[in-house]
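Here's the structure we're looking at; comments come further down.
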Amino acid sequence: MVAIAFVDLTHTEQGIAANNFPLGIAYIAAATSKALGSQVECQIFKYPDILSDYLDKSTPTVAAFSYYMWNAELQLAYACAIKRRHPETVTVFGGPNFPIDPKEQEDWLRLHPEVDFYVDGEGEEAFIALLQALIDADFDAEQIKAQRRDLPNLRFLDTGRFVRLEMKPRTLALDEVLPSPYLMGLMDQFFDGKLTPMMQTSRGCPYSCTFCHDGIAYMSKTRRFSQARVDAELEYVFERVNVPNITLADLNWGMFPEDLETAATLARMKQEKQWPRLVGTATAKNQKQRVLEMAAKLGDSVIIGASIQSTDAEVLANIKRTNIGIDAIVAMAKQSKLTNSTSFTEIILGLPGDTKEKHIKSACDMMDAGIQDVNNYQFVLLPGTEAADQATRAKFRYERRFRVMPRCFGEYRIYGEAVPVFEVQETCVGNSTMSYEDYKDCRWWDLTLSIFNNGSTLDELYRLCALLGVKRSDLLLRMHVTATKPGSTLFQLYEDFRADDIRNLWPDLESLTKFLLSAEGREAYASGVYGANQIFKYRTLAVATMLDEVLEIASSAVEDALGRVIAKDHRISQYIVELCRVISALRSAPLEVDRVFTMDLHFDFVALSHQHFLVDPRALWTKEPRPVTIAHDEVQRRTIREYFTQYGASFDGLAHLIHRTTAQVLHRKFVHEHAPANQAPVLMAS
C-alpha cells in the first residue's frame, strides 16, 4: 500500500497561527482516496508535533505539501529533513505561494532541491495523474521526469533542465471530482476545540486584482458545489463542532442565488444551537442585495464586506480593480445597521500610485458612506501575483522591507533535531509616489482607525453625531490629531507602536536571516519582543487597558464637532457623559467574563439599544435616573470561554481573537431588569 502524508502545517509556538481546518490539502487527500481506493493510505497532518511523531515511526512513500505564505518555510523544513533521511520518498508541493514567471519558477526549484515536483494551479486531478504515474514507475521520480511529458501542471528539474508542463483546465464538475473530505471522515481528527471548520461552496474569482493570488486568468471561472453537498457538509459539521465560528473559503460568498439557501441553513442552526457565532468569509462584491438578504437571515453572525483597497481611480487602474459604486456602498451600510450585522471595508496601504493623502481619503470616503470597520493592511508582495513580478516592481519603484509574519515562527523537533523556522514577508513601505516617512504616518493613522473606529467600540457616539449632522471622518481626523500630539494620554502608546513597527521591518533579507539564526534573535521572537501584529497588539492594549483615555479623547472630539453644527445643548452633553459610562461598561475588561456593571442613568439605554442607537436620545430622557445593569448573558459567557480555549485567556490571546473574529462578541449587553440575587438576570440583545 502507498503511504501518503498530506501536510498542511501551522506554526504553534505562540498558539495556533493558522487555526482553520486544512481544507485545501484535504481536498487532495479525498480525491486521491476516491480515485485510487485501497492502493493508498492517506493521512493528513496539521500540527508539527504530530507529524514529527509519525515520521519517527513511519516513512511515507509520498509526502505532499501545501505551500502558503504562512507555512512555506515550515513545509520546506520538513521536506528537507525527509529527503535527507529518506531520499526515496517523493516530495510534491502545491499551492499559491509559487511564482508565476517561468524563470522565477525555475529559480525556486533550483533553490529547493528537496522538492521533486511542484503542481501549479488546481491540484486534485494533476496530483492523481502524477501519483498513478509514480505507481506505474515504482516511484522512480527521475524516470517520470525523463519520460512523462503528458502529466499536467507539473514543474520540475530533469537532470538540471527546467520542465514546465501544460496546464490542465480547471475542474468544472466539482461534486464528481472533489468528494467531500468531511463526509469521508477525513476531517474528524480536527474537531479538537482549537481549529475552526472551513468549508468551500464555490471556487474561482472573476476579478483580476494584481495583488491577489486568485487574480490570475487561470482562476477567473467560478464554479459551485451542489446545494445538496453544501447542506450535507454543514449538517456534518453542525453535529460535531465545538468552536464558535465557521469559515467559508469562498472568494465571493453571495455570488450565486443558492448562497441564500446556505445562509438560511446557517440561520436555522444558529437558532437551534446558537452556532455559528460568526461566519468568516468574503462576501460578493457585486451582489449587494443578495448579501443584504443573507445578512438579514444571519444578523450579527455575518460581516458585510465592501472591500475597496482604495477609492483613488489611479491606484485602482494600477491594480486592475473596479469597485462598486459609492451609492451601493451607502445603501448596503444603512441596511446592515438595521439587520444588526456589521459592515467593513479593506484598504491596502502602499499600492502602486498610492500617497498619504489618497490613503487617508480612502478611509474617510468609506466612513462617510456609513461603513463601520475600516481595516487597513500592509501591501505584501506575494509570490505568484502580478504585483510582485519584476516588471511591476521596476515600474513603480517599490521600497521594500522584510518582516517575520506574526505568530508564524517557532522551533520544531524533526527527527530529534530542534529546527528554528520563520516565515518572512516582503512588505512594500514606499513607492514612486509614497515616501517611507509618509508610510509611517499612514501607519499611525491606521492605528487610530483600529482603536477609535473599528470593533464598534464607539459606534453609539458616531450614530449620535450622524443624527446631528457630523461626519465620522471629521471626528476621526480630530481624534487622530489629539491622540498623536505630544502630551496626549495615548502619545506614548503611539510612540511605542512606531518603534515596534519599525523594529520588525528589516532593510534586506540577509540581515534579517542573520538575526533570526542568532540566539538573541530566536529569543526575541520566542519572548514576544518581536513578531507581533502591531496594529492588533496596540489596539488591544488601548481598548482593554486604556479605554477611559480613549473615551476622553473621543468625547472631547464629539463635543467640539457638535459645537460647530448645533447650539450648545445641555441634554446632549449629559447624554455624552452617560454614554461614555455605558460604553466603558459594555466594552472594558474583556477578559473578565463574569463582571457585572450597575449604574443610574437619565436616558433609556435599553430602548436606545433596541433601536440600534439610530434615534435622538433626547426623546428618551427621564428626570429621575433609572438603575441599569450591564453584563454578559449565559450564551455569551459560554461562547467567549470557547474562544478563550481556542486563543487563550490572555492579552496576547485577546489580540489574536479580535484578529480572527469580531470584537463585538466580547461586548456586554443591557440587563432588562434587576433579578433576585440567586437568579440570573434576564438580558436583552443590544
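Here the structure is a predicted model, which is why all the values come from computation and not from measurement.
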Can a side-chain donor-acceptor contact be found between [Y] and [X] if the only test is distance below 3.5 angstrom?
| X | Y | value |
| --- | --- | --- |
| Glu124 | Thr171 | no |
| Asn245 | Thr661 | yes |
| Asp446 | Tyr377 | no |
| Asp188 | Tyr236 | yes |
| Gln534 | Arg403 | yes |
| Asp501 | Tyr538 | no |
| Thr427 | Gln378 | no |
| Tyr78 | Ser52 | yes |

Could you check whether the rings of Tyr530 and Tyr525 sit parallel, tilted or perpendicular, using 30° and 60° as the cut-offs?
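Ring orientation of Tyr530 relative to Tyr525: tilted.
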Parallel, tilted or perpendicular, judged at 30° and 60°: which one describes the rings of Tyr67 and Phe93?
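Perpendicular: the ring planes of Tyr67 and Phe93 meet at over 60°.
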Is any side-chain heavy atom of [Y] closer than 4.5 Å to one of [X]?
| X | Y | value |
| --- | --- | --- |
| Leu9 | Gln75 | yes |
| Gln274 | Thr639 | no |
| Leu547 | Leu551 | yes |
| Thr265 | Glu261 | no |
| Leu174 | Val177 | no |
| Gln646 | Asn19 | yes |
| Leu447 | Leu449 | no |
| Val593 | Phe644 | yes |

For [Y], is there an ion pair with [X] - N to carboxylate O distance below 4.0 angstrom?
| X | Y | result |
| --- | --- | --- |
| Glu233 | Arg229 | yes |
| Arg407 | Glu13 | no |
| Asp259 | Arg224 | yes |
| Arg472 | Asp459 | yes |
| Glu235 | Arg268 | yes |
| Glu293 | Arg290 | no |

Do Phe45 and Tyr54 have their ring centres less than 6.0 Å from each other?
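Between Tyr54 and Phe45, which both carry aromatic rings, the centre distance is below 6.0 Å.
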Is it true that Phe191 and Phe21 have ring centroids separated by less than 6.0 Å?
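Yes, the ring centres sit under 6.0 Å apart.
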Determine whether more than 12 heavy atoms belonging to other residues, nucleotides or ligands lie under 6.0 Å from atom CD of Gln271.
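It does not: Gln271 CD has 12 such atoms or fewer within range.
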For Phe256 and Phe225, what are the C-alpha separation, side-chain angles and deciding distance, and is it a ring-ring contact (aromatic ring centres under 6.0 Å, His included)?
CA-CA 11 Å; Phe256 295 92; Phe225 290 100; over 10 Å; no
Closest approach of [X] and [Y], non-hydrogen atoms and distance?
| X | Y | result |
| --- | --- | --- |
| Ile246 | Pro276 | CG2-CB, 4.0 Å |
| Pro197 | Val241 | CG-CG2, 3.8 Å |
| Pro590 | Leu666 | CB-CD1, 4.2 Å |

Only one of Asn97, Val7, Val421, Asp8 passes side-chain contact (heavy atoms from CB on, under 4.5 Å) with Asn71; say which it is.
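Of Asn97, Val7, Val421, Asp8, side-chain contact (heavy atoms from CB on, under 4.5 Å) with Asn71 is met by Asp8 alone.
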Name the one of Ile44, Leu23, Thr196 that satisfies side-chain contact (heavy atoms from CB on, under 4.5 Å) with Phe190?
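Filter result, single survivor: Ile44.
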side-chain hydrogen bond (donor to acceptor under 3.5 Å, both in side chains) for Thr281 and Asp250? Distances and angles first, verdict last.
CA-CA 7 Å; Thr281 191; Asp250 296 35; 5.4 Å; no
Separation between [atom1] of [X] and [atom2] of [Y], rounded to the nearest 0.5 Å:
| X | Y | atom1 | atom2 | result |
| --- | --- | --- | --- | --- |
| Met184 | Ser33 | CE | OG | 4.5 Å |
| Ile451 | Phe497 | CD1 | CZ | 8.5 Å |
| Lys270 | Ser301 | NZ | OG | 3.0 Å |
| Gln309 | Ser362 | CD | OG | 10.0 Å |
| Met405 | Gln425 | CE | CD | 4.5 Å |

Using a 3.5 Å distance criterion without hydrogens, assess whether the side chain of Asp373 forms a donor-acceptor pair with backbone atoms of Asn375.
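Such a contact is absent between Asp373 side chain and Asn375 backbone.
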Within the side chain of Gln200, is there an N or O that forms a donor-acceptor pair under 3.5 Å with the backbone of Leu248?
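Judged by distance alone, no pair lies under 3.5 Å.
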Under the salt bridge (charged side-chain N to carboxylate O under 4.0 Å, His left out) definition, can you give me all pairs with a residue in residues 273-284, not counting sequence neighbours?
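Only Arg277-Asp300 qualify under salt bridge (charged side-chain N to carboxylate O under 4.0 Å, His left out).
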Pair listing, salt bridge (charged side-chain N to carboxylate O under 4.0 Å, His left out) test, anchored in residues 640-650, at least two apart
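Sorted result for residues 640-650: Asp594-Arg641.
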